[in-house]
Amino acid sequence: MPNYDLTPEQDMLRKTIRDFAEKEIKPVRQQLDEKEEFSTDLTHQMGELGLFGMTVSPDYGGQGMDTLSYVICVEELARVDACQAATVAAENSLGIGPIYNYGNEEQKRKYLPDLCSGKSLWGFGLTEADAGSDAGNSKTRAELKNGKWVINGSKIFITNSATKITAGVTVQAITGEKGDGKKAISCIIVEQGTPGFTAKEMHKKMTWRSSNTGELYFDNVTVPESNLLGKRGGGFQQMLATLDSGRLGIGAMGLGGAQGAFEAALEYSKQRKAFGQPISKFQVNAFKLADCAMEIEAARNLLYKACWLKDQERPFGKEAAMAKLYCSEVFHRVANHSVQLHGGYGLMEEYPAAKFYRDQKLLEIGEGTSEIQRIVISRYLGL
Amino acid sequence: MKIAVLIKQVPDTESKIRVKSDGSGIEETDVKYIVNPYCEYAIEEAIRTKEKIKAGEPEAPVATVVISLGPDRALEALRTALAMGIDKAIHIDSEGKIFDGFQTAKILAGVLKAGAFDLIFCGKQAIDDDNSQVAQMTAEFLDFPQVMIIQKFDLTPDSKGALVTRQVGGGAREIYEAVFPLILGCEKGLNTPRYASLPGIMKAKTKPVEKLKASAFLGDTGPLTQFIHYQLPPERAAGKKLDGEAPQQAHELARLLREEAKVI
């Protein structure tokens, strides 16, 4: 029989992060969102708690925790604010992940301690203006000249890449051709302040407004050959593996967001009266809430199972894709019900329902669209 | 220096309290438990005191121990204190019994005596029964000085005592200089308790938890008070809304105050 109990440490972790999110994030989430402001202060506080480098070995300043513990933390942050959860999830999986998993000893020693303490952040430059789901079509190039990489191109929608505390980015670039005529793609480290490299903050977002999103430009950016991350030509495989793990974090954001939107809906519908009774007493509303509770429960079980597989070092790619897809779509439905149950007030930013509704949409697009997840799952089915 | 922190696990204020049908206590099944908030200030002050001493003298021997009397679930509160940074925990198993403040103080005094502590931090009161007696009675059993409801704490330069401040009525403050061993009851405003960090939570797993039994320290001490019966406060009746124009409303209000509320 499977055991559904969390460890005492995981229970305490959930309590602590919930407490932190309620007391430190909730009071400022709306204001930060309105101003589209990234909070360095909250990022440092989250760093002190140990929310960065959660699964990284303590040898490099990480916390050495299991995947499920990490996912519980992201879930609890997202229950209150998708934006802070995004900072944490993106940093762990995209910022820190590739350096930890593919970096050599020197690179790990150089970058990880500051990243794991939340002192600085790191971006992962994959998506381009003309290459999203079709990542193989990216144009950014790096040429090896006299023992140095010369990088030209641009990237877009890169989380954590343009903050005041961003120390650099890992950029995916074409570094030549393979024997079969396909492009060889590699990951290269570019530090902040390298001449020719610019990171520009993107604004006017509908969603995740206080998370940092950047546009990156590389204009003859020259870095040492040793800035290559892992093997030359290994970039595509590194990206696929990174996204597999990243999906668990996005799943956690869907789950936590759904939980937050559900709790807001539940509370409101017990208070709001219409036709002489709380609107939660009407079956049409009670059934909506019952469906939300059921779907959240199912989403949590699916996501936790995917984490468990990863922690057991078993294949988890299929389950991770399912969890990412399902959790983000459950959040979609729950956020929609939540606004509907709030009625006119659901459209006003004074209530949290509207923000959950806006923040939800990213999860069906970022780190592999829902359509890409379905492709991943169907390939596991041999289709 | 040996610093002890006495903590109590209490129901979360957000939990809905229900009394058992026979009135003998509260239903524990749906209740979430937390560390008593005033005890959190005590935990934080103990950790800070150790940090301060260590900052000045890294090799100074300072040990912090958190102690709680209660059923098995009290372990969770102790683990929280360990995760925040306390070094060791002592769980005194209440062995299925409920003790009054006097007995609790007797048991705690026994445990503290055996530990030879210099400084003991407690919450000024627990938010469940609000007795606010245990710390004082424990001090009495030990014949230690005590200062309650403190909002400021500083070690004396020789680290053999402390300067503590407590707020009294009208904005005035009392400042005490006390020598160790000493018992202090902590009030809101003393500090801001830290969150248990993730590394703290992981480290707590390997910190020692000593198990003791309450009966070993209680002896034949009986209770001085007994709970006879629990009941919830009566539910507030709905208010009355007065209709009509202002003159009629005033008239009706005066009538109700005279005839129903009987206050005029």
Side-chain angles (χ1 to χ4, degrees), chain A residues 5-25 42 44-74 76-77 80 84 88 91-92 96 113 116-118 263 266-267 270 273, chain B residues 7 9-16 30-37 39-41 43-44 47-48 51 66 68 70-86 89 91 188 191-209 211 238-239 241:
Chain A
D5 281 328
L6 299 177
T7 65
E9 286 73 33
Q10 287 162 340
D11 274 331
M12 195 188 295
L13 203 62
R14 184 189 292 285
K15 251 189 196 168
T16 305
I17 304 304
R18 179 169 293 201
D19 201 28
F20 171 80
E22 291 279 343
K23 285 192 191 141
E24 313 293 336
I25 299 175
L42 279 179
H44 287 322
Q45 282 186 57
M46 294 193 290
E48 274 167 33
L49 274 182
L51 286 170
F52 298 109
M54 286 192 60
T55 56
V56 170
S57 153
D59 293 347
Y60 303 103
Q63 326 307 341
M65 295 191 126
D66 54 293
T67 311
L68 182 54
S69 298
Y70 161 62
V71 152
I72 289 170
C73 290
V74 175
E76 286 303 325
L77 292 171
V80 169
Q84 308 313 316
V88 167
E91 189 58 20
N92 275 286
I96 293 169
C116 291
S117 68
E263 286 174 24
L266 190 65
E267 197 187 317
K270 285 201 273 193
K273 286 192 177 140
Chain B
I7 67 168
Q9 193 190 38
V10 296
D12 189 339
T13 42
E14 283 177 21
S15 292
K16 197 162 182 191
D30 288 336
V31 173
K32 269 206 292 184
Y33 284 91
I34 56 169
V35 176
N36 175 44
C39 298
E40 287 190 333
Y41 302 122
I43 296 168
E44 177 66 29
I47 299 169
R48 283 189 192 193
E51 285 171 349
V66 60
S68 191
D72 279 346
R73 59 171 161 75
L75 263 175
E76 200 189 321
L78 290 168
R79 271 200 215 100
T80 305
L82 294 177
M84 285 170 75
I86 298 285
H91 174 221
K188 189 179 177 178
N191 54 45
T192 309
R194 69 194 64 193
Y195 294 97
S197 70
L198 272 55
I201 291 171
M202 296 309 278
K203 263 188 221 148
K205 257 204 312 203
T206 55
K207 289 181 177 176
V209 180
K211 293 249 184 198
K241 199 176 165 201

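Naming: A, B, ... by sequence-line order, numbering from 1 per chain.
Counting heavy-atom pairs closer than 4.5 Å to chain A, the top residue among B:Met202, B:Lys32, B:Arg194 is B:Met202. Here A:Glu24 is the residue among A:Lys23, A:Glu24, A:Glu48 with the most heavy-atom pairs under 4.5 Å with chain B. When each of A:Ile17, A:Leu51, A:Thr16 is scored by its heavy-atom pairs under 4.5 Å with chain B, the top score falls to A:Thr16.
When the shell of 6.0 Å around NZ of B:Lys16 is examined, it contains 12 or fewer heavy atoms from other residues, nucleotides or ligands.
In this structure, chain B has no heavy atom under 4.5 Å from any part of A:Gln45.
B:Lys207 places a side-chain N or O within donor-acceptor distance of the main-chain N or O of B:Ile86, the cut-off being under 3.5 Å.
A salt bridge between A:Lys15 and A:Asp19 is absent, with no side-chain N of the basic residue lying under 4.0 Å from a carboxylate O of the acidic one. Ion pair B:Arg48/B:Glu44 flagged as a salt bridge, since at least one NZ, NE, NH1 or NH2 atom sits closer than 4.0 Å to an Asp/Glu carboxylate oxygen.
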